[in-house]
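Convention: sequence-line order gives letters A, B, ...; per-chain numbering from 1. The model shown is predicted, which means the values in this text are computed figures rather than measured ones.
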Number of protein chains: 2
Amino acid sequence: MKYSKATNYALHTMVYLIALPKGNTIGVHSLAEMQDLSPTYLSKILTKLAKGGLIESTPGVRGGYKVSKAKDSISFLDVIKTVEGESNLFNCSMDHHEGCMIENVMIEAEQNMKDDLAAKFLIEITNKMDEQSINNIKGKAN
Amino acid sequence: MKYSKATNYALHTMVYLIALPKGNTIGVHSLAEMQDLSPTYLSKILTKLAKGGLIESTPGVRGGYKVSKAKDSISFLDVIKTVEGESNLFNCSMDHHEGCMIENVMIEAEQNMKDDLAAKFLIEITNKMDEQSINNIKGKAN
DNA sequence: ATATTAAAGACTTATATTATCTGTAATTGA
DNA sequence: TCAATTACAGATAATATAAGTCTTTAATAT
Ligand code: SF4
Ligand code: SF4
């Protein structure tokens with residue numbers, strides 16, 4: 001059981017987007033280049049984040065992506081939920097779920113993780129980025 | 001990201017083994033039948049649990065499996081760790097991990113889940129099984 | 001108009017999970 | 001000793017999911 005690479009890419013991308021000056025956008029090409037991955041693949045992930053309401057996009061010349069919420073309000077959980085989906089880590093395929101105690105235990109444990117992830121904000125990561133990286137990103141903004 | 005079916009099978013199997021009278025063993029055939037799955041596949045999972053020290057096996061006629069620790073000491077985490085392995089949910093493939101703050105956040109969140117799973121014991125599930133199920137298992141002991 | 005950008009869908013490839021098949025070794029009991 | 005029973009190991013196959021590519025379309029600014 002592992003988080004997908006897509007989650008990794010999404011988290012890093014969000015950190016970059018948060019580092020952008022307010023209102024600026026950056027294209028998927030630059031974002032992919034910084035993470036050394038294919039733009040088309042990252043594009044899918046960005047579309048997911050956009051549909052999830054975390055970022056917004058503008059097509060066309062000088063278009064790109066920017067965050068669509070207050071930068072200090074975006075939690076790790078927000079990103080992970082959007083990319084990985086909402087379903088539970090443990091899901092039994094049987095159909096007599098009512099009152100299942102095994103599921104209850106698993107769901108409760110998972111909730112502890114989620115609570116923690118909901119209280120951790122990406123801006124904390126961005127705030128600790130070094131000056132050079134920040135300037136690098138700003139330089140790539142549209 | 002999901003827990004594997006193997007984890008589900010392992011948890012149920014452990015509940016059954018804990019329900020057995022102390023010292024009794026039960027074969028993989030019966031355990032698989034109760035969960036409606038292939039004995040050979042379950043066998044692999046049981047071997048893993050045995051190597052992990054949670055259960056012990058005796059081959060040969062009237063052999064089978066039994067728990068190898070105090071029944072009230074076996075936690076959900078014990079089982080999950082044995083089946084799913086020890087690696088972290090989030091693992092970045094880059095090689096500059098030192099002091100990575102993203103990883104720190106993820107690992108800490110995961111630890112909250114693990115702490116909870118380590119405090120939940122399978123015997124609680126067994127204790128709440130109905131009489132009929134318990135007797136069914138006892139009847140299949142060797 | 002044209003260049004640039006995101007979005008969408010079909011498709012392929014890679015990887016992990018799930019499952020089966022076959023054979024071997026250990027143990028019991030007749 | 002012999003036969004039945006059981007766990008164990010390894011190869012293989014089947015399936016599901018994730019990861020990544022390719023191509024086309026649509027929107028936008030200059
Ligand atoms: S008891 Fe719960 S986990 Fe077990 S088979 Fe039923 S629903 Fe699934
Ligand atoms: S900062 Fe952390 S998560 Fe990001 S690439 Fe480096 S090691 Fe991986």
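Regarding A:His29, its NE2 atom lies at a distance of 15 Å from the C1' atom of C:dA3, rounded to whole Å. We find that NZ of A:Lys48 is positioned 12 Å from C1' of D:dA19, with the value rounded to whole Å. Atom CD of A:Glu56 is separated from atom P of C:dT5 by 18 Å (rounded to the nearest Å). Remark: C1' of C:dA6 and CD1 of A:Ile26 are 14 Å apart, rounded to the nearest angstrom. Protein atom CG of B:Leu31 is 16 Å distant from nucleotide atom C1' of D:dT5, rounded to whole Å. Here D:dT28 presents its C1' atom at 12 Å from CG of A:Asn142, a figure rounded to the nearest Å. Between A:Leu42 atom CG and D:dA18 atom P the separation is 18 Å, expressed in whole Å.
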**Message:** Across nucleotides 16-29 of chain C, 5' to 3', mark each nucleotide with B, S or - according to how protein heavy atoms within less than 4.0 Å reach it.
**Reply:** -SSBBB----BBBS
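Contact check, A:Lys51 against C:dA8: a side-chain N or O comes under 4.0 Å of OP1 or OP2. Look at A:Lys66 and you won't find any side-chain N or O under 4.0 angstrom from OP1 or OP2 of C:dT5.
Note on A:Lys114 versus A:Glu110: salt bridge recorded, some NZ/NE/NH1/NH2 to OD/OE distance being below 4.0 Å.
A:Thr82 and A:Lys48 share no donor-acceptor pair across their side chains, judged by distance under 3.5 Å alone. Between the side chains of A:Asp130 and A:Ser133, at least one donor N or O lies within less than 3.5 Å of an accepting N or O. Looking only at atom types and distance, the side chain of B:Gln111 has a donor-acceptor partner in the side chain of B:Asp115 under 3.5 Å away.
Atom-to-atom distance recorded for A:Ile80:CD1 and A:Leu11:CG is 5.5 Å, nearest 0.5 angstrom.
A donor-acceptor contact shorter than 3.5 Å is absent between the side chain of B:Thr7 and the backbone of B:Tyr3.
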